[in-house]
Structure formats: structure tokens, C-alpha cells
S.K.: 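Quick one: the structure is below, and I'll ask about it shortly.
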2 protein chains.
Amino acid sequence: MSQRRRPTIHEVAKVAGVSISSVSRALNGNTSNADMVDRVNAAVREVGYVPSVVAQSLKTRHTGQVAFAMEDIGNAAYLEMVRRIQPTLRDEGYRLLLHSTGADVEDELGVLASLSQNYVDGLILCPLRVTDRHVEALRQTAVPVVVIGLLPDDVPVDNVRADSRVGARLAVEHLAEAGARRIAFIDGPLDTVPGQARYDGYRSGLAAAGLEPDDAIVRFTDFQFEAGRQTARELLTAHPDVDAVLGANDLIAMGVLHALRELGRDVPGDVRVVGMDDTPLAATSFPPLSSVSLGSADRGRIAAELLLRRLDGDDAPPERVTVPPSLTVRESSR
Amino acid sequence: MSQRRRPTIHEVAKVAGVSISSVSRALNGNTSNADMVDRVNAAVREVGYVPSVVAQSLKTRHTGQVAFAMEDIGNAAYLEMVRRIQPTLRDEGYRLLLHSTGADVEDELGVLASLSQNYVDGLILCPLRVTDRHVEALRQTAVPVVVIGLLPDDVPVDNVRADSRVGARLAVEHLAEAGARRIAFIDGPLDTVPGQARYDGYRSGLAAAGLEPDDAIVRFTDFQFEAGRQTARELLTAHPDVDAVLGANDLIAMGVLHALRELGRDVPGDVRVVGMDDTPLAATSFPPLSSVSLGSADRGRIAAELLLRRLDGDDAPPERVTVPPSLTVRESSR
DNA sequence: GAACCGCGAGGAAACGTTTCCGAGGTGTTG
DNA sequence: CAACACCTCGGAAACGTTTCCTCGCGGTTC
């Protein structure tokens, strides 16, 4: 493990008997003389030269790095995004930096602020919620940012959205079509962006199906398995006439399935269940869970593509892309 | 979006009326005069100065970045690792770079080679399999590396291992204790490191329990849900006397649960099932799946800690840590 | 055959920091 | 009171590149 200092462009130049500028040009393809290129390449191999990306970054003012910041990579939706973002960026030569902000808004703003350190060329951000401070920070970032999630219209930043409102509506309409008349809803917190949107979609789905809304069979809890299970147990005991439940995400819906099983109700015979996000959980649950995909993978890919365009120098007005939801029907609601 | 150039340490120096060396010292706490520090801080705020980490990196020769390379972040085990690695590193001021190599050995070697570019201070690597070229690359990396996974003893690199052999054995012993006598095993490919180790553990568990091994009730397939399901269906049909199944990971075990349900067999009444990895799937399945945890989260954390020690300048001999497995018993084998 | 043009290569500056070194000032000691 | 030591601060070099500018050379054109 000889920690001999790495060779620099100067050693290459010396060995090749040329100047460092020629080496740089040869390596970056800014020269025409083939003989020169050959000599430089030979010297590079001889001394084992590898360029320092740090020095390059300092000079060229870009780093070849992009950051992705979200709450928690453990969340299936974000995970799907990363899985698409990373290859998309890598194919264009960018490395991916991961920031899990851990539901900490300060940390999120910290990431935005840290962009001025210029350690990345761009950022893809999934904000928990968008405060005034976010908006201000987004207005004057040092590098291009793409936001995945809802964003006020006047923030001049590329924006990729899911449509969880339409998603929830889709689910409700499907349940109604399948014959359900008393469709309960277990939502996440109403003061989160998706919580609110899904609630709206639920209501609008009921309206579209000609069903009477009844907030007695709506609950707000956390986007978690245990929360869904306990809430569902309580809800279904208090309202035995419920014949379908929409969970605001797959974890909640899984909790609902468990609660139903504990109560001895058949799925989908007695009660139909639909989840949202269409995570791997859905396909492997029993019975397999119908779920509304909000296109996380697509959103990730599109965000990465938008960012790449900015990095390429495109200064067209900010774009706003909405990815349509789609419902995958499985046994739990058939 | 005024793309005015960011202020440098020179502007700060000018505004504060001091030299750039004093600014640098004041900012890095290498001075004693409080008055100087105040003036510099005031100037920093006035011009909105943020240091360039790239320039700092060039000068100080470290980047504050660490890379984590694995096959696919979608794999639950790697995901758990990232979730622990990231905060551990962040608390020490390091940023995390993610490399998904996508089951491509060349890409993996590429990552190793790219370390000479010095864009990171260290690497945590989960190799698919360890070839001679890996070993050679590992011997002469430019920065410290910690390997998670099996590694030949003579490679001088910090190493964190799971013990999936003991893990499988634990599961078999548990099943035998619970009364099972015909314990089937659905493994992943035998030519992978975990596939081989789990098979060995299965055999040794049978031996420990005094049960006769019978390769007729052992299958090798992919570490996937559908693979597990189909293989289980075939196996259980051909051998109705099987009273327990060990799945080499949770996905396979989930497939087994589905197959059993399709065949109308009760779990755990007729057949007990145990999985491995103890992913979130296990807790939310029905019935909840017993599973052997191989300590992914711990392995991630330990790897990060080992790396941090190296980055701190520790040059003790390479360490080899084995994280013991642990069995979580849930309804599927009770 | 001379002037010009273009091309290729070398020298040097610049990117934005940190740190070494030396100078000057102040305080202490003999 | 002089000499010395110490402490601060400023100047300048260095980290490893890219790129601008200049210079020299060879070829073309009048």
C-alpha cells in the first residue's frame, strides 16, 4: 500500500517530452496531431496518470455530481425514484449524491443552502412541504433544481408532479363500479400535501359515482402499517356496513387487510380494499392488493431528464410535468 | 436569477480590510484575535460568502465524500445498509455517493478504478462476487475501502460479514424444535456466495437436529417472489409430507406462503415457513413471516464506522467483523 | 521570393482555497 | 534599557487542472 503521490499532468508532460497544455489538449481531444495524442497516451499509461476530478472541477466550474434529496430512502416511492434517477444520470456521466433529510425541514433548507458550496451541478428535491423559506431559497439557488412534488405556480423551477388527487378518485370510481356503496377512506395526515390531495380525490370520486360522502367513515392517521391496522380495526368495528376501504398508501392498505382478517371479514367478498403507490408489497400481499400507481419511477426518470437538460444549458422557461396515475387491479378488489 | 459570480475569499478580505490568509484562518479557527474573527464574520455575512468546497478539496486533499457501491439499491438488504450508512457518515460531515452497479462486474471494477480520480475519501463496497481482479484492485486502491461481504483472508481490507450459514442453521433448528420433521429448502442459485452458505447452513441445521438430509426436498431458483412461488408449488405437490419450508430470503418465503395458500394448506398448522433477511415484507405478510435477520442495518453502520476510523487516520491492521444473525419468530412458524 | 495566413505547441495565468514563511509589533525578562 | 521571544498578520506559493495568448514554423499566394 505504497502511498506514493499520484502522478500529475506534469509528470505525463515530462515523460512525453511535451508541455502540460499539450497533454491537456490531447486528453480532452482539442488537438489534431495524431502523433502527439499517441505520445501522450503512452506517457499516461507509463506513469499511470489519472486526472484529478477536483482540479478539473475547480477549473471547469462543474463537478459532474447531482444530488437527490428526500425524506427517507426507505420510503418505497423515493426508492423507486432513485432507481431510475441514478442510471439516467450515470449514462450522462453524472454521479449521484444522496441526502436523506429525515423529515427535518431545517435539514431540507440546509441542503438548499449548501448548494452554494457548489459541490454539485444540480439538485432533485422532494420537499416534505413547501414553506415560504423554501420558495425563497428556490428562487436563488446557485444551481438548477428540479422539484418533485407540488409547488406554487410562481416558483420558477422545473417541477414534476404526481396526481394523487386523480389517483384517489380513480380508486374510488373503480370500487364503486365493482359494486361498493359504503367506501371508507383511511388517509395520512391532512396537513400534508398528499394527505390533502388524496382526500379531495376521494370526495370527488364519491361525487362522480353518485355516492353520498360521509366523514364518519374517513380517518386520518400516519402513512404506516400499524397505524392503518389499528385505525381500520376501529373503523370497521364502528361501521360494519362498510363494504370497501381505500388506503392512502400501500402500508395503510396492508394494515387494513390485516384488520379485516382479524375481524373475520373476507376480502374481497365482504370488503374490497385498494391501496396507493403500487409498491412491491402490493403484489406479494394476500390477497394481492389492488393499488394506484402514482408513477414514482416515471417521475424520477423525468426529473432526471429535465435536470440534464438544464445542465446542458437549456434556459427555456421552467417546465411543469404531471405524471398520470394508473390503477392496477388485483384480487383485493375484484 | 441573477447569475452573478459567487463572492470569493478575496472579496471578504477586501470588505473586512484584511488579508485572505487572515480570512481563511478566522474561518477555520486558527487564530486567537476575537476582533479579527468578528470583522471577518461580518464581512462574510455582508457579501454572502460561501466557501467553495472544490477549492478546499484541491488544497486539503480530501473531499468530504464517501461512496457506497452495491448491485441494486432496490434490494432490501442494501437499502437497510444505506439507511444506516448515510446518517452515520453525515454526522461526521461526509456526503454519500451512491453507485448501483446493476449486477455488472465490470462496472464494479470501474468504481474501484475510478477511486484514483480522488472524488471520494473512501468507499464501502458490496461486491457481487470477488474475482482476482477485485483482489488486485483492492490491494492498491487510492483511498480506504471497507468491503461488506465475503473476502479472502489475505486481502488487506476492512471487512464486515453476515453469517448466513449460521442464519440458515438457526432457522432449521428453530423449525425442528417446533416439531417439523420434513424441512424443505428453497435456495437461491448455488453459485452465489449466499446461496452456497445458506445451503451449508441448512445441512448443518438438519444434522444438529438429528434429521436426515434429503436433496429431493431442496430446490435452487432465483431470489425472487415468483420464482419462490412456482418452485414451492411444484415442490409441495411432489412432496406432500413436507411440514416446513425455509426460504433463502423473504421474497422466496412470501412465494412459499402464496403457494401454500393456493394449495389449501394451513400456515403454520400444516406447514411452517421461515424466511431470511427480515425485511419489512415479513412483518406485514399474512401470516406474519418468521425471518432470520442477517443484520443488514448493523453491517451498514459498522462498515461506516470502520471507514470513518480509517479516514481519521487510523492505520491499524485491517479488521474483520462478523455480525451474528438473529431469528425473529412470527406466526408463520409458531 | 517575400509577405501573409493558419495551425500547432509552449508559457503562463487563472480557478479559490490553505498554509508556509517572514516581518512587524508588543510584552517580558535579564 | 536592550535583547529576545512570542504572537498576529500579510505576502506568496501551492494544490492540479484548463485555456488564453503568443510565438514559430510551414505552406500558399501574389
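Convention: sequence-line order gives letters A, B, ...; per-chain numbering from 1.
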S.K.: Grab the CE-P distance between B:Met36 and D:dG10 for me, whole Å please.
M.R.: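 Going from B:Met36 (CE) to D:dG10 (P), I get 5 Å.
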S.K.: With nearest nucleotide decided by heavy atoms, which residue, B:Ser19 or B:Lys59, maps closer to the 5′ end of DNA chain D?
M.R.: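 Taking each residue's closest nucleotide, the earlier one in sequence belongs to B:Ser19.
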S.K.: Under 4.0 Å, heavy atoms only, any strand: does B:Val18 hit a base, just the sugar-phosphate, or nothing?
M.R.: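 Sugar-phosphate: the residue B:Val18, judged by heavy atoms under 4.0 Å, touches backbone atoms but no base.
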S.K.: Using the side-chain heavy atoms of B:Asn28, tell me which of these nucleotides is nearest: C:dG16, D:dG16, C:dT18.
M.R.: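 My answer, after comparing the listed nucleotides, is C:dT18.
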S.K.: Quick check on D:dC9: is either OP1 or OP2 less than 4.0 Å from any side-chain nitrogen or oxygen of B:Ser22?
M.R.: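 No, because none of the side-chain N or O atoms of B:Ser22 sits under 4.0 Å from OP1 or OP2 of D:dC9.
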S.K.: In this structure, how many angstroms lie between the P atom of C:dA13 and the NE2 atom of B:His10, rounded?
M.R.: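 Computing the B:His10:NE2 to C:dA13:P distance gives 15 Å.
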S.K.: So does A:Thr322 get a backbone contact from the side chain of A:Arg161, meaning a donor-acceptor N/O pair under 3.5 Å?
M.R.: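 Not a single qualifying donor-acceptor pair exists.
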S.K.: Rounded to whole Å, how long is the line connecting atom CZ of A:Arg6 with atom P of D:dC15?
M.R.: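 From A:Arg6 CZ to D:dC15 P: 13 Å.
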S.K.: Quick one: do A:Asp72 and A:Ser100 satisfy side chain to side chain donor-acceptor pair (under 3.5 Å)? Show the steps, please.
M.R.: CA-CA 5 Å; A:Asp72 172 19; A:Ser100 286; 4.8 Å; no
S.K.: Would you mind classifying the nucleic acid contact of B:Val50 as base, sugar-phosphate or nothing, using non-hydrogen atoms under 4.0 angstrom?
M.R.: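 Contact class for B:Val50: sugar-phosphate only.
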S.K.: Rounded to whole Å, how long is the line connecting atom CD1 of A:Ile9 with atom P of D:dC15?
M.R.: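 Between P of D:dC15 and CD1 of A:Ile9: 14 Å.
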S.K.: Rounded to the nearest Å, what distance is computed from the CZ atom of residue B:Arg61 to the C1' atom of nucleotide C:dT18?
M.R.: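 Checked: the CZ to C1' distance equals 12 Å.
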S.K.: Starting at CG of B:Leu27 and ending at C1' of C:dG16, how long is that distance when rounded to a whole Å?
M.R.: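 It works out to 13 Å between those atoms.
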S.K.: Give A:Ser24 one of three labels, base, sugar-phosphate or nothing, depending on what nucleic acid heavy atoms sit under 4.0 Å from its own.
M.R.: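 Base contact - A:Ser24 has a heavy atom under 4.0 Å of at least one base atom.
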S.K.: Tell me if the side-chain of B:Ser21 makes a donor-acceptor pair with the base of D:dG11, cut-off 3.5 Å, by modelled atom types.
M.R.: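 Yes, the side chain and the base share a sub-3.5 Å donor-acceptor pair.
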S.K.: Between B:Arg301 and B:Glu305, is the closest basic N to carboxylate O distance under 4.0 Å?
M.R.: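 Result for this pair is yes, salt bridge flagged.
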S.K.: Can you check whether B:Gln56 has a side-chain N or O nearer than 4.0 Å to OP1 or OP2 of C:dT18?
M.R.: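 So the side chain of B:Gln56 is within the cut-off, an N or O lying under 4.0 Å from OP1 or OP2 of C:dT18.
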S.K.: Just to confirm, is there a sub-4.0 Å distance from OP1 or OP2 of C:dG16 to any side-chain nitrogen or oxygen of A:Tyr119?
M.R.: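 No, outside the criterion.
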S.K.: Regarding A:Arg25, tell me which of base, sugar-phosphate or nothing describes its non-hydrogen contacts under 4.0 Å with the strands shown.
M.R.: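 Touches a base.
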S.K.: Between C:dG10 atom P and A:Ile20 atom CD1, what is the distance in whole Å?
M.R.: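 It is 11 Å, rounded to the nearest whole Å.
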S.K.: Between A:Asp121 and A:Arg310, does any NZ, NE, NH1 or NH2 come within less than 4.0 Å of an OD or OE carboxylate oxygen?
M.R.: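 A salt bridge is absent here (no side-chain N lies under 4.0 Å from a carboxylate O).
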S.K.: For the pair made of CD in B:Glu11 and C1' in C:dT17, what is the distance, rounded to whole Å?
M.R.: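 Taking atom C1' of C:dT17 as the reference, CD of B:Glu11 is at 13 Å.
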S.K.: Less than 4.0 Å between a side-chain N and a carboxylate O, is that true for A:Arg84 and A:Glu80?
M.R.: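 Not counted as a salt bridge, because no side-chain N and carboxylate O are separated by less than 4.0 Å.
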